[in-house]
Amino acid sequence: MERSNYEATDKQKETCAVITMRDMVAKLAVREKIPYEEAMLRFTESRIYEALFDFETGIWKESSDYLLDLYDRYGTNVSLL
C-alpha cells in the first residue's frame, strides 16, 4: 500500500470530528435510551469531547465506535487523560 503525504487542513479535521461525534452521540442515545440532545450534552461535558477537537491527539481520524469506547472508559474520569 502506498502512503500519501497529504496533510488535512484544520477545517477538514473539524469536519471529520463533527461527523464522528454525531454518529457516536446517536449510538450513545440509542444505547442509553435517552434523547439525542441529552446524549450530546453528556458528551460535550466530557474530556473526550475536548480531546476529539484537539487535533494533535488524532482522535478525529477514528471511528464512532472507537470514540464511544473512549467515552465509556474515560468520559467521566478526568484523571486518566
Side-chain angles (χ1 to χ4, degrees):
M1 178 190 266
E2 199 171 314
R3 197 165 178 133
S4 172
N5 290 330
Y6 178 78
E7 180 67 30
T9 67
D10 282 349
K11 183 67 177 166
Q12 291 168 324
K13 292 174 185 178
E14 181 180 357
T15 298
C16 290
V18 168
I19 291 168
T20 301
M21 177 185 66
R22 288 177 179 167
D23 194 29
M24 174 269 185
V25 168
K27 291 176 182 185
L28 178 63
V30 169
R31 186 185 76 190
E32 300 296 318
K33 298 179 174 92
I34 58 175
Y36 180 89
E37 294 78 10
E38 183 178 337
M40 179 65 82
L41 286 174
R42 287 184 187 183
F43 179 66
T44 58
E45 292 174 352
S46 74
R47 295 280 303 206
I48 303 307
Y49 173 80
E50 294 175 24
L52 175 62
F53 288 95
D54 175 358
F55 301 134
E56 295 296 317
T57 67
I59 297 172
W60 63 272
K61 297 185 264 185
E62 302 295 340
S63 71
S64 59
D65 290 331
Y66 180 83
L67 189 60
L68 184 56
D69 184 56
L70 284 179
Y71 176 78
D72 289 341
R73 289 180 184 208
Y74 309 113
T76 57
N77 191 342
V78 296
S79 65
L80 295 176
L81 283 180

Verdict with supporting geometry, Phe43 and Met24, side chain to side chain contact (heavy atoms under 4.5 Å, CB included) | CA-CA 9 Å; Phe43 179 66; Met24 174 269 185; 3.6 Å; yes
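- Side-chain heavy atoms closer than 4.5 Å link hydrophobic residues (I, L, V, M, F, W, Y) into clusters, and following such links, possibly through other members, connects Tyr66 to Ile48.
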Evaluate side chain to side chain contact (heavy atoms under 4.5 Å, CB included) for Tyr6 paired with Gln12, printing each intermediate quantity in order.
-> CA-CA 12 Å; Tyr6 178 78; Gln12 291 168 324; 2.7 Å; yes
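- In this structure the side chain of Trp60 never reaches within 4.5 angstrom of the side chain of Glu14, judged on heavy atoms.
- Judged purely by atom type and a 3.5 angstrom limit, Ser64 has no side-chain atom pairing as donor or acceptor with the backbone of Thr20.
- Between the CG atom in Leu67 and the CG atom in Asp23 there is a gap of 9.5 Å [rounded to 0.5 Å].
- The nearest pair of heavy atoms linking Ala51 to Ile59 is CB-CD1, 3.7 Å.
- For Tyr36, the ring pair (Phe, Tyr, Trp, His ring centres under 6.0 Å) criterion is met by no residue, not counting sequence neighbours.
- For the salt bridge (Lys or Arg N to Asp or Glu O under 4.0 Å) condition, the pairs that include at least one residue of residues 55-66, sequence neighbours left out, are Lys27-Asp65.
- Residues satisfying the side-chain hydrogen bond (donor to acceptor under 3.5 Å, both in side chains) criterion with Asp69, sequence neighbours excluded, are Arg73.
- For Arg31, the salt bridge (Lys or Arg N to Asp or Glu O under 4.0 Å) test picks out Asp72, with sequence neighbours left out.
- Here Arg47 contributes atom CZ and Leu70 contributes atom CG; the two are 13.0 Å apart, rounded to the nearest 0.5 Å.
- In this structure Glu38 satisfies the salt bridge (Lys or Arg N to Asp or Glu O under 4.0 Å) test together with Arg42, sequence neighbours excluded.
- To the nearest 0.5 Å, atom OH of residue Tyr49 and atom CG of residue Leu41 are 11.0 Å apart.
- In terms of the salt bridge (Lys or Arg N to Asp or Glu O under 4.0 Å) criterion, residue partners of Glu7 (sequence neighbours excluded) are, by chain and number, Lys13.
- Using a 4.5 Å cut-off on side-chain heavy atoms (C-beta onward), Val18 and Phe53 make contact.
- Shown here for Ser46 and Gly75, the closest heavy-atom pair between the two residues is CB-O, 3.4 Å.
- Considering all non-hydrogen atoms of both residues, Leu52 and Met21 come closest at CD2-CB, 3.8 Å.
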